[in-house]
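Here is the structure we will look at, set down as structure tokens.
Index from 1, following the sequence. Note that the coordinates shown come from a computational prediction; the quantities given were computed from them, not determined experimentally. All values below were derived from every heavy atom in this structure, side-chain atoms included, with hydrogens, water molecules and symmetry-related copies excluded.
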Amino acid sequence: MVDNDNNNRRRLVEFKDGCRYGKFGTTMAYELIAHERIRAYKMGGKTMIDLDSVDEYHASLPRVETRAS
């Protein structure tokens, strides 16, 4: 975990672990980053994914409505 300037903790994990956590592949992860749906940071040569942004993305997904029988 990494501290930012506001003393809030960021839950940063390596790219592959972020994909596993978010249940999406690398291509989808790069698309979500490009469309600013999830946040990613560079730390040295590694891309780190912010797990809080993955949680926010999941929470923003539309709910599936079922049909009444």
Spatial distance of atom [atom1] ([X]) from atom [atom2] ([Y]) [nearest 0.5 Å]:
{"X": "Arg11", "Y": "Ser53", "atom1": "CZ", "atom2": "OG", "result": "9.0 Å"}
{"X": "Thr47", "Y": "Ile33", "atom1": "OG1", "atom2": "CD1", "result": "7.0 Å"}
{"X": "Leu12", "Y": "Asp17", "atom1": "CG", "atom2": "CG", "result": "12.0 Å"}

- Query: So, are Arg39 and Asp52 salt-bridged, with charged N and O less than 4.0 Å apart?
  - Reply: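 Judged by the 4.0 Å cut-off on N to carboxylate O distance, Arg39 and Asp52 do not form a salt bridge.
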If you take all heavy atoms of Val54 and Ile38, which pair is closest and at what distance?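 Where Val54 meets Ile38 most closely, the heavy atoms are CA-CG2, 4.0 Å.
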Check: So which heavy atom on Ala29 is nearest to which on Cys19, and how close?
Finding: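 Here Ala29 and Cys19 meet closest at CB-SG, 3.6 Å.
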Does a side chain donor of either Arg37 or Ser60 reach within less than 3.5 Å of an acceptor in the other side chain?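 Yes.
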Tyr21-Met48 co-clustered via ILVMFWY side chain contacts under 4.5 Å
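Shared cluster, no.
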So if you build clusters from Ile, Leu, Val, Met, Phe, Trp, Tyr with side-chain heavy-atom gaps below 4.5 Å, do Met43 and Ile49 land together?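 No, Met43 and Ile49 fall in different hydrophobic clusters.
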When the ring planes of Phe15 and Tyr30 are compared, do they come out parallel, tilted or perpendicular, using 30° and 60° as the limits?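 It falls in the parallel class, under 30°.
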Checklist entry - Is there side-chain contact between Arg10 and Tyr41, with at least one heavy-atom pair below 4.5 Å? => result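 Contact flag for Arg10/Tyr41 side chains = yes.
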